[in-house]
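What follows is a set of notes on a single structure, which appears directly below.
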Amino acid sequence: MSATELAAGAPHPPRGQAVPDAVLYLDGVSVVFDGFRALNNLSLIVEAGELRAIIGPNGAGKTTMMDVITGKTRPTAGVVRFHDHDLTRLDEATIANLGIGRKFQKPTMFDALTVFENLELALKAPRGPFSCLRWVLDRTSRQKIESTMAEVGLTARAHDRAGVLSHGQRQWLEIGMLLMQDPELLLVDEPVAGMTDQETEHTAALLVRIAGARSVVVVEHDLEFVRALGSKVTVLCEGSMLSEGSIDHVQNDPRVIEVYLGR
Amino acid sequence: MSASLAAPAPAGAGRMTLRLVLIGAMLVLAMLPVLNRLPPDSALHVSDFIVSITGKWITYAILALAIDLAWGYAGILSLGHGAFFALGGYAIGMHLMRLIGPRGVYGHPTLPDFMVFLGYRELPWYWLGFEHFPFAILMAMAVPGLLAGVVGYLAFRSRITGVYLSIITQAMTYALMLAFFRNDMGFGGNNGFTDFKELLGMPLNTPSARSTLFYASLLLLLGSLWVCGRVTRSKLGRVLVAIRDAESRTRFLGYDVTQHKLFVFVLSAMIAGLAGALYVPQVGIINPGEFSPGNSIEAVIWVAVGGRGTLVGALLGAFSVNALKTWLTTVAPDLWLFALGGLFVAVTLFLPRGLIGLFQKERR
Ligand SMILES: Nc1ncnc2c1ncn2[C@@H]1O[C@H](COP(=O)(O)OP(=O)(O)O)[C@@H](O)[C@H]1O
Ligand SMILES: [Mg+2]
């Protein structure tokens, strides 16, 4: 199934059936919190190498969708697959090790550890206690960490504790940690909140560059940023997909204008 | 609470000073049994009392180290570490009882006195093997390790943390205390084990036994410090700190938190067990009182007073609080519990990083 077919609103394949090229496959996903439907029969397909932007008003369920994919929240109903893996049955660590990395809406890292140490913990490497005990930082790993620090502009802060960084720097550090994990699918929740215009541009360019070799799902409010991504856009509202297509397509969709852009 | 209390590693000059102080303190400790051999009228003579009480404190310091590894680094606040210490003590106690042989009051060739008294015909199966010293030492590690493994697995897998975990560990030591009080457990009931005669062919209660046990404790202290330091300075140590400060975030990075916590909890329990195994021959008795919940809480207070998350702070806390206790229980025995509580509150309020915080500079 091609992207244009989806954009035109082609029907989703029958529930649970594998889709060629789909990295992430959500079908009929609902999440109910105490009777409140945070996600309502949501379906979404992300293909290999795709960059996808997700927009929607506050409380639309964007973060909840990421919670469902990463194993934090179990869906009340629906199918959530990453390749052939049923994500609704796996725990957070297993899902992360399958190759799904996440940047949280509120930047979260380890405040008592330095920037360098945070990146070192995120670096893709065996994760068991004995492997961690025996771990020695070799030249390749050090270079990876250093080039990531340069990429996210934190080289000068390498040995500062993460707890003393500014909000913008914490955003960058978490993006850096995501890069260190080298995941196949990146879920990026509101990455540019608290960033300057220049940093926002840099982030957009970075995400565009990363996509292609891997799939990236970005949640963001900033429409200029979404436009800079130049990707397909999915609009969520009240837990369901409202519209999907290019940024121009969704911006001109009357339903979208009514619930979201028109406010 | 966890993030604000997290002590930064001592920096630069402070760390050097600390290391020198530590080496100095170890050398002073190592000299005590030597000075004990000087004639009593010598100015440098150290009394038997000082040697035996310091030997006991060293085993407490090892227990404090074990608690700090689990609490200070991985955020596992165990209020039941006294149980691991006591189990290690019981393991060596069983060995010491077997060594009494026919020298007991009843003169039975194999059965300890309390078993003869209770009408046992033969040794219960779980006493087999304890006549061998290496087996007893192995059990002093394996039994606490196994218990920590089972309790830890159930708790960590169900993601029980914080106060709930503390309560479970406290219940664990309390339950063990009640069990060990029972005569039909085969561990001597409320009298426990005492009247030990010898260990490794050396009669206990002699100056040479005292200094041997003292040096064995000091060696175990250094060994445990090395092992704990090896863990905390490795990437595993940083994973533990990550779990302590943001457990869920650690999971999203792909770390199996249950495995990491289990590793450190079991290691910590085994160290505590070994400490108990060196404690019992020095004090000459082990009974169910060692399982009392208060003991575990007191040991946690040593660590809090010394400063958690630094290892050295745990040692400092164990020695200073116990020195205070020894002094206070002679001059004003009724005041001790109030002093302990007051000390804990004062340290929490005024020295959140503990005594060790006085040596540290804030890291940027
Ligand atoms: N754990 C939870 N318990 C109850 N309600 C929740 C929970 N998580 C999210 N919600 C609710 O679900 C809705 C969707 O939230 P969220 O996914 O964070 O929205 P978005 O990220 O699109 O702003 C919100 O109304 C929020 O209050
Ligand atoms: Mg959100």
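The figures that follow rest on heavy atoms only: side chains count, while hydrogens, waters and symmetry mates do not. Chain naming here is simple, since letters A, B, ... match the order of the sequence lines and numbering starts at 1 in each.
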Worksheet item: Do the two ring centres, one from A/Trp172 and one from A/His202, sit under 6.0 Å apart?
Response: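 Aromatic pair counts; centres sit under 6.0 Å.
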Measure distances from [X] to the heavy atoms of chain A and classify the residue's part below 4.5 Å as side chain, backbone, both or neither.
| X | answer |
| --- | --- |
| B/Phe252 | both |
| B/Arg230 | both |
| B/Ser248 | neither |
| B/Val241 | side chain |

Worksheet entry | A/Phe104 atom CZ, over 12 foreign heavy atoms within 6.0 Å |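 Check passes, neighbour count above 12.
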Worksheet item: For A/Met180, is it the side chain, the backbone, both, or neither that has a heavy atom closer than 4.5 Å to a heavy atom of chain B?
Response: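 No part of it gets close to chain B.
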Item to complete: Please state whether the side chain, the backbone, both or neither of A/Asn118 comes within less than 4.5 Å of a heavy atom of chain B.
Response: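 Nothing of A/Asn118, per the 4.5 Å heavy-atom cut-off to chain B.
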Discussion item. I'd like to know which of A/Leu133, A/Asn97, A/Thr94 tops the heavy-atom pair count under 4.5 Å against chain B.
Written reply: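 Ranked by heavy-atom pairs under 4.5 Å with chain B, first place is A/Leu133.
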Worksheet item: When heavy-atom pairs shorter than 4.5 Å are enumerated against chain B, which of A/Arg134, A/Arg102, A/Glu120, A/Lys124 gives the highest number?
Response: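 Answer, by heavy-atom pair count under 4.5 Å with chain B: A/Glu120.
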Fill in: Donor + acceptor pair across side chains of A/Thr64, A/Asp67 (<3.5 Å)
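Not at all, the side chains of A/Thr64 and A/Asp67 share no donor-acceptor pair under 3.5 Å.
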Discussion item. Quick one, B/Phe156 with B/Phe265, criterion ring pair (Phe, Tyr, Trp, His ring centres under 6.0 Å). Give me CA distance, side-chain angles, the key distance, then yes/no.
Written reply: CA-CA 10 Å; B/Phe156 302 147; B/Phe265 195 53; 5.6 Å; yes
Worksheet entry | A/Glu47 and A/Arg52 ion-paired at < 4.0 Å |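 Result for this pair is no, no salt bridge flagged.
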Worksheet item: Under the salt bridge (Lys or Arg N to Asp or Glu O under 4.0 Å) criterion, do A/Asp111 and A/Arg170 qualify, and how do the steps go?
Response: CA-CA 10 Å; A/Asp111 291 354; A/Arg170 289 169 72 80; 3.2 Å; yes
